[in-house]
Amino acid sequence: MKKFPILYWPYKTNGNTDYQLSRKVINNATGLMPEVVIADLDIRGIFENNEDATIYYPVFCESTGWWGELLGGNGVVVDKIIVSPECQLMVIVAETKANLHGNHQLLAAEISPSSGFFKKMNSSIATVADMLATDAGTILALFTGKNPNQFVNILESTGNSYLGCIGQY
């Protein structure tokens with residue numbers, strides 16, 4: 001079964017070494033050159049039209065909030081590929097196609113800032129991986145953790161809302 005690779009690249013491509021390396025890495029991994037999407041990424045639409053698609057999403061050093069586009073899109077991060085010291089590709093597949101047997105998951109939550117909450121989360125339960133403030137004064141946070149049930153229980157017991165698991169690797 002083909003994985004139909006799609007490379008999301010909303011940046012300039014001319015003379016971009018990371019872009020060329022990303023295409024080469026995807027071709028080596030899949031045997032196919034990826035279709036390149038430069039417009040806004042509609043993850044839900046892609047997977048509704050082709051649930052066997054694999055999206056390669058570039059994340060650069062010091063970028064924040066890259067995972068926000070995944071929420072509600074039925075996409076799951078199943079792997080990451082290092083292209084260069086500045087760029088890595090997040091490998092995203094449809095939630096229905098993800099092999100959910102990994103040890104670490106990317107878990108997203110909307111939370112109200114609380115030092116006690118972060119002390120609990122930066123422990124064996126989960127570790128903060130990325131954060132993005134919202135206009136409403138809450139924080140969308142991405143955590144890595146091993147036990148989604150324990151993560152959700154801690155979130156709910158502190159009055160925060162859980163947005164869902166967006167991937168694992």
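Note that the coordinates shown come from a computational prediction; the quantities given were computed from them, not determined experimentally.
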- Can you tell me how far CG of Leu89 sits from CG of Asp79, rounded to the nearest 0.5 angstrom? 10.0 Å
- Note on the structure: Phe47 and Gly75 have their tightest heavy-atom pair at CE1-CA, 3.7 Å
- Task: Please round to the nearest 0.5 Å and tell me the distance separating atom CD of Gln150 and atom CG of Leu107.
- Result: 11.5 Å
- Message: To the closest 0.5 Å, what do you measure between OG1 (Thr13) and CD1 (Ile38)?
- Response: 7.5 Å
All N/O donor-acceptor pairs, side-chain side in residues 14-22, below 3.5 Å, sequence neighbours left out:
residue, atom, partner, partner atom, Å
Asn16, OD1, Asp18, N, 3.0
Asn16, OD1, Tyr19, N, 3.0
Asn16, ND2, Lys12, O, 3.1
Asp18, OD1, Ser84, OG, 2.7
Ser22, OG, Asp18, O, 2.7

- OG1-CG distance between Thr54 and Leu32, expressed to the nearest 0.5 angstrom: 10.0 Å
- Message: Would you say that Arg23 contacts Pro34 through its side chain, given a criterion of any heavy-atom pair below 4.5 Å between the two side chains?
- Response: yes
- Mind checking whether Val36 and Tyr56 have side chains closer than 4.5 Å, heavy atoms only? no
- Message: Just verifying a value: how many Å separate Leu41 CG and Ile6 CD1, rounded to the nearest 0.5 Å?
- Response: 8.0 Å
- Work out which heavy atom in Ala53 is nearest to a heavy atom in Ile46; give both atom names and the distance. CB-CG2, 3.9 Å
- Note on the structure: CG of Asp42 to CD1 of Ile55, rounded to nearest 0.5 Å, is 9.0 Å
- Atom CG of Asp40 with >12 non-hydrogen neighbours under 6.0 angstrom: no
- Flag side-chain contact, heavy atom, 4.5 Å: Val78 against Ile92: no
- Item | CA sep, side-chain torsions, deciding dist, call: Val77, Val91, side-chain contact (heavy atoms from CB on, under 4.5 Å) | CA-CA 6 Å; Val77 178; Val91 182; over 6 Å; no
- Message: Can you classify the ring geometry of Tyr8 versus Tyr57 as parallel (below 30°), tilted (30 to 60°) or perpendicular (above 60°)?
- Response: tilted
